[in-house]
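Notes to accompany the following structure.
What's counted below: heavy atoms across the whole structure, side chains too, no hydrogens, waters or symmetry copies.
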Amino acid sequence: MRVFGPVMSFWERHMPRGMLVRSAWSASSLSDARDALSLDAYEAAQSQPFARPLPGEELPRYGHWFKERAVPDVDERRVASVELRGGGFAVTTEDGESHAAARVAIATGLASFPYRPPQFAPLGEQHATHSMDVPEPTRFAGQSVAVVGCGQSAVETAAILLEAGATVELIARAPAIRWLIRGEQLRGVDPILQRLLYAPTDVGPAGVSRLVAMPNAFRRLPRGLQDRLAYRSIRPAATSWLLDRTANVTKTFGREVARATPDGQSVRLELDDGSQRAVDHVVLATGYRVDVAREPIVGDSLRAALRLHAGYPILRRGFESSVPGLHFLGAYSAWSFGPIMRFVAGTKFTAHEITRHVVRAHSASARA
C-alpha cells in the first residue's frame with residue numbers, strides 16, 4: 001500500500017490563525033487499529049494539557065504526530081491524476097511518475113470545492129476571498145470587511161478579523177445566527193443524559209446524533225428522510241463561545257447581496273433591499289459544494305465511468321464507487337453514508353468499513 005499527499009495541508013494552509021476546533025474533544029480523535037493514538041494520548045505526550053475548546057493549530061500537530069506513529073512512510077508528493085489502465089488504475093504524481101494500482105481510495109478533501117455565489121463573479125481575489133483562504137487575518141487590520149454567511153466559519157472568521165483590527169459586518173440571508181446554546185446546555189446537565197442523547201461522534205442534534213453515528217443504518221433510511229436529517233445535523237450554526245467575541249461585529253440579517261462590483265481598491269455591495277455598502281474586502285463564508293467532476297486528480301476515463309448524484313459519487317459498501325476498485329472517502333461519501341463523513345469523527349467507521357471490504361474482496365479473489 002502507498003499513501004500520497006501532504007499531511008494535514010488543508011488545515012495548515014487554509015485555517016485562520018486563532019481559530020478553535022468546534023468539534024467536541026470526544027469527536028476529534030483519528031482512528032487507529034489499536035485505539036492507541038487518540039487525542040487524549042497526544043495530549044498526554046505533551047508537556048501540559050491543552051485548552052478547551054482545542055486551539056486550531058493543535059489539530060495539524062496532532063495529525064503529524066499520528067502520521068509518524070501510524071503511517072510513517074507517507075509519500076508527500078501530490079497526485080496529479082488517476083486514470084483507468086487495463087484492469088486497474090494509473091496514479092501519476094505531480095512530478096510525472098506513474099504507479100500502477102489495483103485499488104485506489106481518494107480522500108482529497110474540500111480544497112477543490114469552495115463555493116462562490118455567482119453575484120460575486122465580478123470580484124477577483126484582490127477584492128473577495130473565500131473563508132478557506134484567510135489563514136493570516138492580520139493582513140486585514142485597519143480594513144473594512146464584509147463577511148457573507150452565518151455558520152461557524154462565518155461567525156468565527158468575523159470574530160477573528162475583528163480581533164485582528166478590522167471593521168467587520170456580517171451579512172446573511174438567515175433571520176439570525178443559530179447559536180448552539182441548547183445543545184451545549186443539555187450536554188452540561190448530566191453525563192448520563194449526555195450519553196443517552198448524543199453519540200461520542202457529536203454530529204447532529206439530540207437523539208438524531210445516535211442515528212447519524214451509525215452510517216450503515218442511516219443509509220437505509222428513505223432518501224428524503226436522510227436528506228432532512230443530514231441538513232438538520234449540519235445546518236449553519238455557531239458555538240456560544242463566539243457570542244461575546246462578535247458583540248462588536250455589525251450584523252445584517254434577512255438580506256442577500258444582489259450585486260457586487262469592484263470600485264477601484266474597494267468593493268461596492270448592493271443588497272436585495274436596495275441598500276449599499278462600500279468595503280475594502282469581502283470574505284465569502286459560503287461553504288463548499290462537492291463535485292467530483294471538478295476534482296483535478298479524477299481523470300477523464302474515471303469521470304466518464306462514475307455514477308454521481310449532485311456531484312457526489314454514489315457509493316456502496318466499503319465506500320466503493322461505480323468503478324470497481326475506486327473508493328471515495330471523507331466529504332465525498334456524505335451523500336451515501338451521511339453527515340458524519342464530513343468530520344474527523346467519521347474516520348473510525350470509514351477505516352473499519354473499507355478495511356473489511358478490501359479484505360473480503362481480496363479473500364474472494366484468492367479463492368477464485
Are the charged groups of [X] and [Y] less than 4.0 angstrom apart, N to O?
{"X": "E163", "Y": "R245", "answer": "yes"}
{"X": "R13", "Y": "E136", "answer": "no"}
{"X": "R61", "Y": "E58", "answer": "yes"}

**Request:** Evaluate the criterion side chain to side chain contact (heavy atoms under 4.5 Å, CB included) for residue pair F89 and L302; output intermediate values, then yes/no.
**Result:** CA-CA 9 Å; F89 305 92; L302 293 183; 3.9 Å; yes

Donor on one side chain, acceptor on other, [X] and [Y], under 3.5 Å:
{"X": "Q152", "Y": "T239", "value": "yes"}
{"X": "E97", "Y": "T92", "value": "no"}
{"X": "S38", "Y": "D40", "value": "no"}
{"X": "D280", "Y": "S266", "value": "no"}
{"X": "T129", "Y": "H281", "value": "yes"}
{"X": "E12", "Y": "H64", "value": "yes"}
{"X": "S301", "Y": "R303", "value": "no"}
{"X": "R219", "Y": "Q226", "value": "no"}

Answer with yes or no whether the hydrophobic clustering places [X] together with [Y]; edges join I, L, V, M, F, W, Y residues whose side-chain heavy atoms lie under 4.5 Å apart.
{"X": "F50", "Y": "W65", "answer": "yes"}
{"X": "M132", "Y": "F120", "answer": "no"}
{"X": "I297", "Y": "V7", "answer": "yes"}
{"X": "L170", "Y": "V257", "answer": "no"}
{"X": "W179", "Y": "I171", "answer": "no"}

**Request:** I would like to know whether E353 and N216 meet side chain to side chain contact (heavy atoms under 4.5 Å, CB included); could you show each step before the answer?
**Result:** CA-CA 10 Å; E353 176 73 9; N216 274 331; 3.4 Å; yes

**Request:** Using the side chain to side chain contact (heavy atoms under 4.5 Å, CB included) rule, take I340 and F218 through it: C-alpha gap first, then chi angles, then the decisive distance, then the call.
**Result:** CA-CA 10 Å; I340 194 177; F218 184 87; over 6 Å; no

**Message:** Does Q265, at its CD atom, have more than 12 non-hydrogen atoms belonging to other residues, nucleotides or ligands within less than 6.0 Å?
**Reply:** no

[Y] and [X], any side-chain heavy atoms less than 4.5 Å apart:
{"X": "R307", "Y": "V323", "result": "no"}
{"X": "V282", "Y": "V148", "result": "yes"}
{"X": "V104", "Y": "H327", "result": "no"}
{"X": "K348", "Y": "D35", "result": "yes"}
{"X": "D73", "Y": "D75", "result": "no"}
{"X": "S9", "Y": "R78", "result": "yes"}
{"X": "P53", "Y": "V21", "result": "no"}
{"X": "V147", "Y": "V168", "result": "yes"}

What is the distance from atom [atom1] of [X] to atom [atom2] of [Y], rounded to the nearest 0.5 Å?
{"X": "I181", "Y": "W241", "atom1": "CD1", "atom2": "CH2", "answer": "13.5 Å"}
{"X": "L211", "Y": "S233", "atom1": "CG", "atom2": "OG", "answer": "8.5 Å"}
{"X": "H14", "Y": "S131", "atom1": "NE2", "atom2": "OG", "answer": "11.0 Å"}
{"X": "L306", "Y": "E295", "atom1": "CG", "atom2": "CD", "answer": "11.5 Å"}
{"X": "L39", "Y": "F66", "atom1": "CG", "atom2": "CZ", "answer": "11.5 Å"}
{"X": "L242", "Y": "E156", "atom1": "CG", "atom2": "CD", "answer": "5.5 Å"}

To check you understand the geometry: which heavy-atom pair defines the closest contact between [X] and [Y], and what is its length?
{"X": "A159", "Y": "T246", "answer": "CB-CG2, 3.8 Å"}
{"X": "T355", "Y": "A351", "answer": "OG1-O, 2.6 Å"}
{"X": "A164", "Y": "A141", "answer": "O-CB, 3.2 Å"}

**Request:** Start with the C-alpha distance between E256 and L271, add both sets of side-chain angles, then the distance that settles side chain to side chain contact (heavy atoms under 4.5 Å, CB included), and finish with yes or no.
**Result:** CA-CA 6 Å; E256 185 172 7; L271 275 56; over 6 Å; no

For [Y], does its backbone N or O pair with a side-chain atom of [X] as donor and acceptor, under 3.5 Å?
{"X": "S333", "Y": "L329", "result": "no"}
{"X": "S209", "Y": "A206", "result": "no"}
{"X": "R103", "Y": "V358", "result": "no"}

Centroid separation [X] to [Y] less than 6.0 Å:
{"X": "H99", "Y": "F4", "value": "yes"}
{"X": "Y332", "Y": "Y312", "value": "no"}
{"X": "Y115", "Y": "Y288", "value": "no"}

**Message:** With salt bridge (charged side-chain N to carboxylate O under 4.0 Å, His left out) as the criterion, how do R277 and E169 come out once you've worked through the C-alpha distance, each side chain's angles and the decisive distance to 0.1 Å?
**Reply:** CA-CA 10 Å; R277 308 285 192 275; E169 180 178 6; 3.0 Å; yes

**Message:** Applying the side-chain hydrogen bond (donor to acceptor under 3.5 Å, both in side chains) criterion to H357, which one of R316, R317, E320 satisfies it?
**Reply:** E320

